[in-house]
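Notes follow once the structure below has been shown.
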Amino acid sequence: MKTFLHRYKFLQDVELSKVFAEEVKRSLRKPRGVVVPIPMHASKLMERTFPQVDRLLDAAEINYQHFLVKSDSTQGTKSKKERMAVENLFAWNGETVPKKILLVDDLYTTGTTLRQAARTLKNAGAEEIHAWTLIRG
């Protein structure tokens, strides 16, 4: 699975989103809130050419909304200790946030990304936040 995710994210093999689509669709067929993908920073999007989490959800025909904007910080090159120490990975985009949210990401490593996204959304008015990831690293 990690090999497929590597091909998908770093070798720009967007067609692999279709390979994961059934698992995503099965897992998220009845989401506990509005689905909110973890966003990419604009520079990462240019580097990787497509937003991986959005394409996974598109391939699975899952509706989603964006409420977060990614900061400049990149988690992938940091140690576990460095990841845990990062502050403010996200900013709220100013849109009205639903009370119930399901955060979606492709990979769970330390949980820092999801915790910080959840904190940002809670501060913006969300009351209940759950998370789902395709892979646990």
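Please read these numbers as outputs of a predicted model, since none were measured by experiment. We number each residue from 1, following the sequence as shown. Because only heavy atoms are used, hydrogens play no part in the values below, and waters and symmetry mates are left out as well, while side chains stay in.
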Check against side-chain contact (heavy atoms from CB on, under 4.5 Å), Ile135 and Tyr108: CA-CA 6 Å; Ile135 298 172; Tyr108 178 103; over 6 Å; no

State, to 0.1 Å, how close [X] and [Y] come at their nearest heavy-atom pair, and which atoms those are.
X	Y	answer
Gln116	Phe90	C-CD1, 4.0 Å
Arg32	Glu128	NH2-OE2, 4.2 Å
Ser17	Ala59	O-CB, 3.5 Å
His41	Ser71	CD2-O, 2.9 Å
Ile129	Ala118	CD1-O, 3.4 Å
Ala60	Ala21	CB-O, 3.5 Å

Measure the [atom1]-[atom2] distance between [X] and [Y] for me, rounded to the nearest 0.5 Å.
X	Y	atom1	atom2	answer
His130	Leu114	NE2	CG	13.0 Å
Asp54	Ile62	CG	CD1	13.0 Å
Glu127	Lys99	CD	NZ	4.5 Å
Leu103	Asp105	CG	CG	8.5 Å

Whether over 12 other heavy atoms sit under 6.0 Å from Asn123 CG: yes

Phe67/Thr120 under side-chain contact (heavy atoms from CB on, under 4.5 Å): CA gap, chis, key distance, verdict: CA-CA 9 Å; Phe67 296 100; Thr120 300; over 6 Å; no

Test side chain to side chain contact (heavy atoms under 4.5 Å, CB included) applied to Trp132 - qualifying residues, sequence neighbours left out: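 For Trp132 the side chain to side chain contact (heavy atoms under 4.5 Å, CB included) partners, ignoring immediate neighbours, are Val24, Ser27, Leu28, Leu102, Val104, Leu134.
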
Non-neighbouring partners of Asp106 that pass side chain to side chain contact (heavy atoms under 4.5 Å, CB included), sequence neighbours left out: Leu5, Lys9, Gln52, Val53, Leu56

Criterion side-chain contact (heavy atoms from CB on, under 4.5 Å) on Leu89 and Leu68, from CA distance to verdict: CA-CA 10 Å; Leu89 282 174; Leu68 299 168; over 6 Å; no

For the pair [X] (side chain) and [Y] (backbone), establish whether a donor and an acceptor sit closer than 3.5 Å, ignoring hydrogens and angles.
X	Y	value
Lys25	Glu61	no
Arg29	Arg26	yes
Asn93	His66	yes

Within-4.5 Å side-chain heavy-atom neighbours: Tyr64 and Asp58: yes

Residues Trp92, Val97; criterion side-chain contact (heavy atoms from CB on, under 4.5 Å); working and verdict: CA-CA 9 Å; Trp92 170 46; Val97 173; 3.2 Å; yes

Shared hydrophobic cluster, Val69 / Ile101 (ILVMFWY, side-chain heavy atoms < 4.5 Å):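 Each belongs to a different hydrophobic cluster.
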
